[in-house]
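Step one of this worksheet: look at the structure below.
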2 protein chains.
Amino acid sequence: MTAPRPASDNGDHQDPAARLAELGLRPTRQRLALMRLLFEDGRERHFTADQLHDEAEAAGANLSLATVYNTLKQFTSVGLLREVSVDATRSWFDTKTDEHHHFFFEEDGRLMDIDPGLVTLGKLPAAPDGSEIKRVDVVIRVAKP
Amino acid sequence: MTAPRPASDNGDHQDPAARLAELGLRPTRQRLALMRLLFEDGRERHFTADQLHDEAEAAGANLSLATVYNTLKQFTSVGLLREVSVDATRSWFDTKTDEHHHFFFEEDGRLMDIDPGLVTLGKLPAAPDGSEIKRVDVVIRVAKP
DNA sequence: TTAAATGCAAATCTTTTGCACTGGC
DNA sequence: GCCAGTGCAAAAGATTTGCATTTAA
C-alpha cells in the first residue's frame, strides 16, 4: 500500500513516532500506544487482537477493539507485523517478521517460534503458472502424546 | 473420538450408509446427503462450510448451515476429512486426508494440492518437552508477481 | 484552516451451543 | 417404543465497514 522502508534503515529501536512517520502512518495516540506495547521492552511475540486490546487497556490506553484490528492490519501491510495462519478461529500476529516457522500447541492454541536453524526445506515445487512464491510457512502441530 | 477404522478396510468407494455405520455415525438424511456430495463422483477437494451448504441446497438437500458445521467437525474427528489452516478468516476442509501440502493463492483464497513428490522437508526440530509432533503442514503462498 | 485520515458504533460474517424433537435401533 | 443422538434457532465470537470526528500539516 505504502512504500516499504529502505532496507538500509533498520528502525527497530528508534522512536515510535519517527518510525510510524517513516512508514507513512500518522503518529496518533492509539498507534503510539500499540507501538510501545509491541516493540518496547520484552513484548510477547505472538498475540491476537483481543489479547493486545486487553494489554492496552491494562496499560491505560483507551481504544476500541476495532481500532486494534484496523491498526494490526495496517501494521501488517507495512511490514511491522506478520500474520500467522494456524488457527482457523482467530488471527495470530507475530512481531518477528523475518522468515521463520512455528510450533502450534493444539491443546492450548499457543504458538512458539522454531529456531531457524532447526527447520530446513528440501525440495520445493515451482509456483503454478502466472504466480510466484510469496512465502513458505511450516507449522508443526504438537500435542501431548 | 470414535474408533478409527482398521487400516485394512479402505472404504473409499463403498456405500455411504455402511461407511457411516462403520465410523459409528448414524446414517441420517443430512449426513448421507453430505457424504454423497463429498465422496461421490469428482467432488471438489477443498471447500468451506458455507460452500458445501450452498452445494447441498443446490442439490435439493434441506439442511441448516449449523448442521453442515457440526457434520464437518464430526467427519473430521473420525478421519473422513482434514482441516487446512491457511486462511485466518474461515475454515477450509479437504477430502484428501493423507499427508500432503498446499499452495494457497493469496488473491482469490483458493487452495491447491501439491503433488507429494514435489515437497520434501529437510531437518525438523524435536518436539518440545512433553509433546509430540502430530502433523507438519507446509503452505506455499503464491500470488501474481 | 482543511481535507485526508482516523477511530469507533454498528453491522456482518463465521462458528458454537442448548435443548426440543426424532428416527435408528 | 424410547432415549441417545440429532439438527437447528439462537447466541456468541471474530472481523469489517460507514461515516462523524479528529488532527497533522
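Letters go in sequence order (proteins before strands), and every chain restarts at 1. Just so you know, these numbers use all the heavy atoms, side chains as well, and skip hydrogens, waters and symmetry mates. Here the structure is a predicted model, which means the values were calculated and not measured.
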Can you name the residues that form a side-chain hydrogen bond (donor to acceptor under 3.5 Å, both in side chains) with [X], not counting sequence neighbours?
X       : result
B/Thr76 : none
B/Thr28 : none
A/Lys73 : none

Send over the distance from [X] [atom1] to [N] [atom2], rounded to a whole Å.
X       : N      : atom1 : atom2 : answer
A/Arg26 : D/dT21 : CZ    : P     : 17 Å
B/Trp92 : C/dT14 : CH2   : P     : 11 Å
A/Asp87 : C/dT16 : CG    : P     : 10 Å
B/Leu23 : D/dT6  : CG    : P     : 12 Å
B/Leu20 : C/dC25 : CG    : C1'   : 16 Å
A/Lys73 : D/dT15 : NZ    : P     : 11 Å
B/Phe47 : C/dT14 : CZ    : C1'   : 16 Å
A/His53 : D/dT15 : NE2   : C1'   : 14 Å

message: Reading DNA chain C from 5' onward, which residue's closest nucleotide shows up sooner: B/Asp50 or B/Ala21?
response: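 Counting from the 5' end, the first nearest nucleotide belongs to B/Asp50.
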query: Any side-chain N or O of A/Tyr69 less than 4.0 Å from the OP1 or OP2 oxygen of D/dT15?
result: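 It does, given that an N or O in the side chain of A/Tyr69 lies less than 4.0 Å from OP1 or OP2 of D/dT15.
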field: Residue-phosphate contact under 4.0 Å: B/Arg90 side-chain N/O, C/dT14 OP1/OP2
entry: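 So the side chain of B/Arg90 is within the cut-off, an N or O lying under 4.0 Å from OP1 or OP2 of C/dT14.
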Please set out all donor-acceptor pairs under 3.5 angstrom arising from side-chain atoms of residues 122-131 of chain A, sequence neighbours excluded.
from     : atom 1 : to       : atom 2 : distance (Å)
A/Lys123 : NZ     : B/Gly117 : O      : 3.2
A/Ser131 : OG     : A/Pro128 : O      : 2.6

Show the distances under 3.5 angstrom between N or O atoms of the protein and N or O atoms of nucleotides 7-11 of chain D.
from  : atom 1 : to      : atom 2 : distance (Å)
D/dG7 : OP1    : B/Thr28 : OG1    : 2.8
D/dG7 : OP1    : B/Gln30 : OE1    : 2.8
D/dC8 : OP2    : B/Ser64 : N      : 3.0
D/dC8 : OP2    : B/Ser64 : OG     : 3.4
D/dC8 : OP2    : B/Thr67 : OG1    : 2.5
D/dC8 : N4     : B/Asn70 : ND2    : 3.0

Those residues that, when tested against A/Arg135, pass salt bridge (Lys or Arg N to Asp or Glu O under 4.0 Å) (two or more places apart):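 A/Arg135 satisfies salt bridge (Lys or Arg N to Asp or Glu O under 4.0 Å) with A/Asp137 once adjacent residues are dropped.
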B/Arg29 vs B/Asn62 side-chain heavy atoms within contact, under 4.5 Å: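 B/Arg29 vs B/Asn62: side chains touch.
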- prompt: Would you call A/Asp94-A/Lys96 a salt bridge at under 4.0 Å N-O?
  reply: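 A/Lys96 and A/Asp94: not salt-bridged.
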message: Applying a 4.0 Å non-hydrogen cut-off, can you work out what B/Thr89 is touching in the nucleic acid: base, sugar-phosphate, or nothing?
response: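 Sugar-phosphate contact only - B/Thr89 comes under 4.0 Å of backbone atoms but never of a base.
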